[in-house]
Amino acid sequence: MVGRVHSIETMGTLEGPGIRFVVFLQGCPLRCLFCHNPDTWQVDAGTGMEVERLLEELDGYRSFIDASGGGITCTGGEPLLQAGFVAEFFERCRSLGIHTALDTSGYAELSDAVIRVLEHTDLVLLDIKHSHEKGHRKLTGVSFETIERFARYVDRSASDLWVRHVLIPGYTLEPQVLKATAAFIGSLGTVSRVDLLPYHELGKHKWEALGKRYPLAEIRPPDQNEVDRAYQVFLEARLPVHGS
Ligand code: SF4
């Protein structure tokens, strides 16, 4: 099976435990206003790669990955757009004793291929963008309902679950929105880690390079007080929140 790959990062440290071989897959059905990878959106772009070729590239980094307690991570774009390919890749990695992580928006119907991916996933990194239907649509262009269904399914499955959430002034930082998001994450009983990520503007130049108008040009990154207040809300909800 051939997957459309945007790029590979061979020594990632942010997408799961230890050193990760990170595969960025092409294609995304969301249009997040803060997206720092808009160049992954197009489904038919990128490079066609077979699972065996990915495994050959990965092999050169096995000693670093194994020594660090790391593994491989599929991200994007939205990796579940290529669920059949990811399932095959994860199955092969598992058979080689390699830890598998899926970094996803959760915007995926629970098809046979998606369920097969989850059966071969050790860790799901779920990016919750917003917890209100209206706010979610405004920020991402798609419904939260599909994501909620996916999150509840993962919560019942055997995968470890980490949640990531971006703090964006004017979108996700209002107290009532933060409380609702914390309550939703808290309702997922198996979440073992929550990362709160202050919004940054590092993706802006990519929008400009693609000839697109950056939608959050007027939005500034949150200041330390705002970040601290968000942490407080999540801590009060007894969530396993990391960093500051
Ligand atoms: S899900 Fe990720 S890749 Fe897709 S638009 Fe949102 S931030 Fe960008």
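Atoms within a ligand are numbered from 1 in the order they appear, just like the ligands themselves.
- Contact annotation: the side chain of Leu33 approaches that of Tyr171 to within less than 4.5 Å [non-hydrogen atoms, C-beta and beyond].
- Residue contacts with ligand 1: Tyr107 is excluded, as none of its non-hydrogen atoms falls under 4.0 Å.
- The protein atom (non-hydrogen) at minimum distance from atom 4 (Fe) of ligand 1 is Cys28 SG, 2.3 Å.
- With salt bridges taken as basic N to acidic carboxylate O contacts below 4.0 Å, one links Arg164 and Asp127.
- Among protein heavy atoms, the minimum distance from atom 2 (Fe) of ligand 1 is reached at Lys129 NZ, 4.0 Å.
- Atoms OG1 and CD, on Thr104 and Glu78 in that order, are 3.5 Å from each other to the nearest 0.5 Å.
- Classification of Glu109 and Arg149 as a salt-bridged pair holds, one side-chain N sitting under 4.0 Å from a carboxylate O.
- Counting only heavy atoms of the protein, atom 3 (S) of ligand 1 lies nearest to Gly77 N, 3.5 Å.
- Counted within 6.0 Å of OH on Tyr61, heavy atoms from surrounding residues, nucleotides or ligands total 12 or fewer; the atom is thus considered open.
- Neither the backbone nor the side chain of His36 has a heavy atom within less than 4.0 Å of ligand 1.
- In Cys32, the parts holding a heavy atom less than 4.0 Å from any atom of ligand 1 are both the side chain and the backbone.
- With respect to the salt-bridge test (charged N to carboxylate O, under 4.0 angstrom), the residues Arg116 and Glu88 do not qualify.
- Distances shorter than 4.0 angstrom occur between a heavy atom of Leu30 and an atom of ligand 1.
- Atom 4 (Fe) of ligand 1 has no N, O or S atom of Cys35 closer than 2.8 Å.
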